[in-house]
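To keep things clear, I will list the structure first and then write my remarks on it.
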Amino acid sequence: MSIESRSAVGEELDGELASLLEVERFEAPAKFREHALLSDPGVYDHAAADPVGWWEAQAQELEWFQKWTTVLDDSDPPFYKWFTGGTLNVSYNCLDRHVIAGRGDRVAFHWRGEEGEERDLTYAELLSEVERFASALKELGVSAGDVVGIYLPMIPEVVVAMLACARIGAPHNVVFGGFSAEAVRERMEFSEAKVLITVDGAARKGKTAAVKDRVDEVMGDLASLERIVVVKSKGTACQMQEGRDVYYEDILAAADPVCPAEPLDAEHPLYILYTSGSTAKPKGILHTTGGYLTGVAATHRYVFDLKPDSDVYWCAADVGWVTGHSYIVYGPLCNGATSVMWEGAPDYPSKDIWWEIVERYGVTILYCAPTAIRACIKWGAQWPNKHDLSSLRLLGSVGEPINPKAWLWYHKVIGAERCPIVDTWWQTETGAIMISPLPGITATKPGSATQPFPGVFAEVRDESTGEPIEEGQGLLVLTHPWPSMLRTLYKEEERFIETYFKRFGTETYLVGDAARRDRDGYIWVIGRIDDVVNVSGHRLSTAEVESAIVAHTDVAEAAVIGQHDEDSGQAIVAFVTLQGELQGDDSTVEGIRETVAERIGKFARPKRIIWTEDLPKTRSGKIMRRLLRDIADGRALGDVTTLRDPAVMQQLEAQVKELSAREE
Ligand code: PRX
């Protein structure tokens, strides 16, 4: 079967395609392999024989103020420490050293605004702004260890803010711009942030959304928060509270232009990033300095085969997620890359904006999420075909499993069959890519993230026996510590152990994903085993969405599940019981969706709401989500005998049928 005829096959054949492709491999073109940074498969054995030595060699690539005395301190698992005794500074590694080495004129970011505005920032310019802003933060009373919140859109100042924090050792806590102000407040409260850096307004598809005013509505009484810094981005008028609020531009102009990078302990906290877990309370993933930078720099270099002198790299994620932290900011800057930074959405001002950007800046490496690729498939190949994409030489995918059809379209339409695809599996917790092809070595299979990165050890374990599975499906685990691993959950040490290191002991990290190993040892990540859903690559907990839904005054109870969705990977479906005799109608649906948007963000709004008089519960009162998933997917119901009231299911089935008929 040719690639052409395969890519014409419909989505419904993905399963069949997957098994067909499981045996077929795609080799990188000989020319690519010839010039690849890593082309000898021996690197895997070399790293496996001495993983600590391998990671030590990667750390040598960084600039240290003082070298470590111990590479890995594993005396108290799962609290691993890397490069103990060493001191360094992340912002120094990302900026100063390139400028000192004469690379100050190199463009760090080609920034492109929604309306076509352009701003090129060189390494020297970025350093100068970071030094000033770091001085300004110190003036505001921020010192090493103080948490600084960042709630900014995709503008260059977000990078400046992160690096300025890193420069003075103030851990940042970035919140994705798509989260609501209430979600920001919660994250500031949990982390006891001292300062919040935000913006007057943010661009979104031709409109400007007020940001600072929304922040003010919810942030007023937060005890820890002493200062709010506001970037004048869109010129939106906003209220400034005397004594608390200052404009970024004003404090920058007044700041000392010199602010040397602070030598920080390798284990000094670099950032906290909140992500969703099984409960409604988000988890504060804590990353530290030396190990994290080692991990992101090494993976960025080798997975993307980065040639900093000639490549133009574009990670089309948002800085507010871990992908943005590791592969827009820290990895690329540490490696001296020239990157593209795009402010907006993939379909504004038109559906070819991504491809216009690729052509305009001569992008050579593109890294994005399968959900974006699926949207492009839907819009049609005519959009990318309008542009010259011949600069591209490598494509990446991240955030969710990439279905074979999307993989093949990416390969053919975007990559013109010449660009290897790296399907990178990792998580907020892992800090850096863990499972991925090495493009000059690994033959790829569409839909498989293939092999652990050198120095990383992954296994698939049998769910009941806990034994490693050679071929088949089970729980994905990582069996050795790695430098960029999370160190703990901020202020929740017990939860850290419980979530990741209880099931298989303190030396085996439980990932939370199911995966399959095929006969060649390739890993196929299937999806979450916990109550986490992945909507368009956005990670959400069902409990978090449920708690937002029940905040609506009419709602008595809610259960949320993730349902397979052709566009977004998974979609949120909510089963809702209303108070008393209330009957749900379209305005209740809108009201509930609005409540979720306010509490979490628009991206968390349920796609479908199904009314129910009761939820399927066991006699002990536990909601049986498995049955809800079966119902939503139209599958035959499994065993219902353990239900308190089996009649609930018939009523629900009737509801779902009615709703499906209406949707058609
Ligand atoms: O389920 C896996 C899925 O995304 C989860 C991690 O989400 P988050 O912490 O938000 O980080 C996303 C960006 C790294 C994982 O547990 N996931 C991520 N990458 C892949 C993936 N699933 C399949 N294939 C991938 N390449």
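Atoms within a ligand are numbered from 1 in the order they appear, just like the ligands themselves.
Salt-bridge check for Arg112 with Glu343: failed, with every basic side-chain N at 4.0 Å or more from each acidic carboxylate O.
Checked by atom type, the side-chain pair Ser276/Glu544 shows a donor-acceptor distance below 3.5 Å. Between the side chains of Ser191 and Tyr274, not a single donor N or O lies within less than 3.5 Å of an accepting N or O. Donor-acceptor pairing under 3.5 Å is lacking for the side chains of Thr294 and Gln58. Defined by atom type and a distance below 3.5 Å, a donor-acceptor pair is present between the side-chain atoms of Tyr367 and Thr424.
Within 6.0 Å of atom CD in Glu463, 12 or fewer heavy atoms from other residues, nucleotides or ligands are found, so the atom counts as exposed in its surroundings.
Within 4.0 Å of ligand 1, contacts by protein heavy atoms are made from Val322, Thr323, Val398, Gly399, Glu400, Pro401, Asp423, Thr424, Trp425, Trp426, Gln427, Thr428, Asp513, Val525, Arg528, Asn534, Arg539.
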